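Working notes for the structure below.
These figures come from a predicted structure and were not determined experimentally. Naming convention: chains lettered A, B, ... in sequence-line order (proteins, then strands); numbering from 1 in each chain.
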Amino acid sequence: MNAVQDPVARVEAAAVAAVEAVGGDAATGVDAALKPSAKPEFGDFQLNAAMALAKKLGRKPREVAVDLAAALMSPALGLKGVIAEPEIAGPGFLNLRLEPDALAIALAGMDDDRLGIEPEMKPHGVTIDVCGVNVAKQMHVGHLRSTVIGDTVARLFERIGRTVHRQNHLGDWGLPIAMTLHSLLSRKVDFATLDLDTLNVAYRDAQLEARGDGRGLAAAIANHCGPHRIAELETQEESAGAAQTAAREALVRLQSGDANMVTAWKRLIEVTMKEVYRACDLLGTKIAPESERGESSFRDELAEVVDTFVRSELAVEDDGALVVRFDDRDRPMLIRKRDGGFLYATTDLAALRYRVQELDSDEVIYVVDARQRDHFRDVFDACRKIGWSTLPDGVESKLVHLGFGTVLGADKKPLKTRSGANFKLMDLLQAAVDRGTEAVTIRAAEPHAPTHGLPPSELAAIGRAVGIAAIKYADLSGDSARDYVFDLDRMIAFEGDTGPYLQYAHARLCSLLEKAGDEADTDASFRIEAPEERRLALLLLRYPATMQAAAHSLEASRLCRFLYGVATEFSSFYSACPVLKTEDSGIRNARIRLVRLTRNVLRDGLGTLGIGAPTRM
RNA sequence: GCGAGUGUAGCUCAAUUGGAUAGAGCACCGGUCUACGAAACCGGCGGUUGAAGGUUCGAGUCCUUCCACUCGCGCCA
C-alpha cells in the first residue's frame, strides 16, 4: 500500500500533524492515533486527542476539539476530498468520515496479492515450541491447545514475512521413558506389533508401580490406621523402590548405548510419533519430523550447561544439589540433583540456548500449559543472566511463555490422563469429522444445494474440513490464557460464531464469483454506497493492521474476531444488496469487486488460522 | 504460608489496552426462502462488570482493601 496515496494513511499522518500544531510541546505523549468508531453513526474513525491535550494545556476540551478540527482541515494537510468536515461530539471526540471516493481508493490500495500486508524484513527468525507430546503417552485434548495455538502463531509470523522454526520438544528421555522400556522388555512385549494404546498402558503401569506414596504412609501413621493398612503401605513403598531401582538401571543401559535398549527406545518414539503425525495431519498443522527435537537431543550438553553456570558463579551448591538463585525471589531453580542427575530445567536451558543461538531467533515462544509459568520465568531469567539470550549482533532475543489455560472436566477440575474419563485427541477429532460429514451429506441431499451430486469422497473431504474447522476455531477464538471446560457439543457446533460460519460465508462468496464468471470486469472501480457496503469496506481496510497486531501480540483470537466480523458484515451485505441481480452494470461490477476482495481476505485469513476454506460445503 | 492467574447476561466469550448507551454467539420468543446458498438474515428478551472505597472530564480496564475459584512453590518431566 502506497503511503502517499492511501487515504487512511494520509488522515493518520494529518492527525499527528494537527495534534502537534494545536498542542505544541504539550503534544508529546498524546495519542494521536485514529480509532475505528464505536458505532457507524459516529462516522468511520474517531480522534480522541482533544481531551488529553486539553488537560495538558489547561483548556476546555470542546475548544481544543474545535481547534483540532480546524487544523486537520487546513489546506496544508490536504484532506479536502478525503474526509468530510469533522464532527465534534461528547466531551471532545472528533468524528471523521471518509469521502466515498477516498474509501474506494483505499480499498483498491489493499487489493493486491498480499492484501496490503507488507512483509517485515528482519535478519533473525522466530522459534515456536509446539505440540509438547511425551513418548509413550497418548495425545489427549490438552495437546490440542499447544499444537493448534502454536501452529497458528507460527502461521501468523509467516504471514507477516518472518522465518519460523517450529520445534517439537518431545519428552523422549529420562526416568519415565526408562521405566516404560523396562516394563515392556521385562514383559517380553512384541515391539514389532506395538501400538500407542499398549504403550500408554505400559507407561501408566510403570508410573503407578514406581510411585512410592510416602505421604499416604505418613498420614496412615498419623491417623492411627490399623497395623494391616500400615503394613500394606510399607510393602507398596518397598516395591516402588524396587521398580525405581530397576528403572534407573534401565536408564543407565540406555544412556550407555546398550544396543537392545536403543533399538527398543527408537521403536517407542516411532510408534508414538506415527500417531502424533496422524493427529497433526488431520488438524492441518505444519508439524513434521523436521520439527522434532526431543529432550534426548540435548542430553550430551547438560553437563556442560551446568558447568558453565558453575564457572560463571551463577549456580551454587545447596543441600547437595546445584541451584541458580534470583535476586527478586526466594525460590531457586535446580539444575542438578544431589545424585548428579539433571532436571527438566537443565534440558530447557540447553534447548533455549540452541533456539536463540543456533536457530538464530530474536523471539522464542513457548506454547505450553500456563501452570508452568514459574518454571519458564526461571529458565528465561537464568538464560538472560548467563547471556545466551543475546545474539552475536547484540540483539536481545525476546523469550516468551505463551501459557494457555487448562482444559477442565465437567467437574471444573483439570482433565487428567489417569481419570479414565479423559478424551483421546483422536476420538475428539473423529467425532468432529463424523458430525461434519453428516451435516454436509444431509445438505447435499437437497436438490438446490451446490454440493448436490458430488461424489461421496468429495463430500467426506468437505465434512472433514468443516469438523476440523469447528474444533480449531473453538480453541483459537478465545483468550488462550483462560481455562475452559471441555464440552464436545460446543466444540463441534456449526452455527453462530464458529469456524463453519466463516467457511460458509467463504463458500457463498466463491459461489457468487463462480456465477459472475467472465462477465465480471476485474478492473471495475469500487463504489461504496449502501450502508452494508460501507461497513464491510471499512472493516476490510483493517485487515493489514489486524494481522500485524495478532502476530505481535500472539493473539490468534484477534484474527478470529476480525474474520467473524467480515463474515457477519458480508452476510448482511449479501441479504441487503443484490450483486448478480443488479441491473446497473456499473454497480454490479463494483459489487463483484467488493465480493472478490472479501473472498480473498477471508480465504487468506482462514489460511493463516490454519483452517480449510472449501469453495462449496 | 509465599507467589501467580481468573471473576462481565442462564451458558460460552468480547470490549481496539482509560473513551460515547458494556457488545456477540448459544439458549428462549417472533419474523424472513417456489432460493445471487436459511450452516444465513432482521427483530425481541436478558447486566449492581465478585464487593466496597479511591484516582479524573470519563473506569470492566488504573490504585487500595476484602471475597470466591484455580494453579505453582528443591532434587518428576
Completion exercise
5'-most contact on RNA chain B (nearest-nucleotide basis), A:Pro176 vs A:Arg373, goes to A:Arg373

Exercise for the section: Could you check A:Pro332 against A:Ala89 and say which one's nearest nucleotide on RNA chain B is further toward the 5' end? Expected result: A:Ala89

Problem - B/S/- contact track for nucleotides 31-40 of chain B, protein heavy atom under 4.0 Å - result: ----BBBSBS

In terms of side-chain geometry, is the basic nitrogen of [X] or [Y] positioned less than 4.0 Å from the acidic oxygen of its partner?
X        : Y        : value
A:Lys35  : A:Asp31  : yes
A:Asp318 : A:Arg338 : no
A:Arg329 : A:Asp374 : no
A:Arg558 : A:Glu555 : yes
A:Arg588 : A:Glu583 : no

Within the 4.0 Å heavy-atom criterion, would you say [X] contacts the bases, only the backbone, or no part of the nucleic acid?
X        : value
A:Asp479 : sugar-phosphate
A:Phe42  : base
A:Gln46  : base
A:Asp330 : nothing
A:Lys55  : base
A:Gly171 : nothing
A:Pro91  : base
A:Asn48  : base
A:Arg338 : base

No-H, no-angle donor-acceptor pair, [X] side chain to [N] base, under 3.5 Å:
X        : N      : result
A:Asp487 : B:rC11 : no
A:Asn95  : B:rA20 : yes
A:Arg558 : B:rU17 : yes

Handout entry: Among A:Tyr366, A:Phe376, A:Phe380, ring-ring contact (aromatic ring centres under 6.0 Å, His included) partner for A:His401
Key = A:Phe376

Could you tell me the separation between the [atom1] atom of [X] and the [atom2] atom of [N], rounded to a whole number of Å?
X        : N      : atom1 : atom2 : result
A:Arg331 : B:rG1  : CZ    : P     : 18 Å
A:Arg535 : B:rC42 : CZ    : C1'   : 12 Å
A:Met491 : B:rC13 : CE    : C1'   : 14 Å
A:Ile177 : B:rC76 : CD1   : P     : 16 Å
A:Tyr473 : B:rC13 : OH    : C1'   : 10 Å
A:Lys35  : B:rG18 : NZ    : P     : 8 Å
A:Arg329 : B:rG74 : CZ    : C1'   : 15 Å
A:Leu334 : B:rC73 : CG    : P     : 12 Å

Problem - A:Asp67 and A:Arg59: CA distance, side-chain angles, deciding distance, salt bridge (charged side-chain N to carboxylate O under 4.0 Å, His left out) verdict - result: CA-CA 11 Å; A:Asp67 289 355; A:Arg59 298 177 54 196; 2.8 Å; yes

[Y] versus [X], side-chain donor and acceptor atoms under 3.5 Å:
X        : Y        : answer
A:Asp497 : A:Tyr473 : yes
A:Tyr344 : A:Gln372 : yes
A:Asp44  : A:Ser37  : no

Problem - Qualifying residues under side-chain contact (heavy atoms from CB on, under 4.5 Å), relative to A:Ala49, sequence neighbours excluded - result: A:Val19, A:Val30, A:Leu47, A:Leu68

Handout entry: Syn/anti state for B:rC33 [syn: chi within 90° of 0]
Key = syn

Problem - Syn or anti conformation of B:rU17, syn meaning chi within 90° of 0 - result: syn

Could you measure between the two [atom1] atoms, the one in [N] and the one in [M], and give it in whole Å?
N      : M      : atom1 : answer
B:rU61 : B:rA20 : P     : 13 Å
B:rA68 : B:rA51 : P     : 15 Å
B:rU49 : B:rU32 : P     : 38 Å
B:rG37 : B:rA27 : P     : 25 Å

Is [X] near enough to [N] that one of its side-chain N or O atoms lies under 4.0 angstrom from OP1 or OP2?
X        : N      : answer
A:Arg561 : B:rC13 : no
A:Lys337 : B:rC76 : yes
A:Ser37  : B:rA20 : no
A:Arg482 : B:rA14 : yes

Completion exercise
Taking Watson-Crick and G-U wobble contacts under 3.5 angstrom, with | marking pairs to another strand and [ ] crossing pairs, the secondary structure of RNA chain B is written (((((((..((((.....[...)))).(((((.......))))).....(((((..]....))))))))))))....

Handout entry: Cation-pi check, A:Arg561 onto A:Tyr564 ring (under 6.0 Å, within 45° of axis)
Key = no

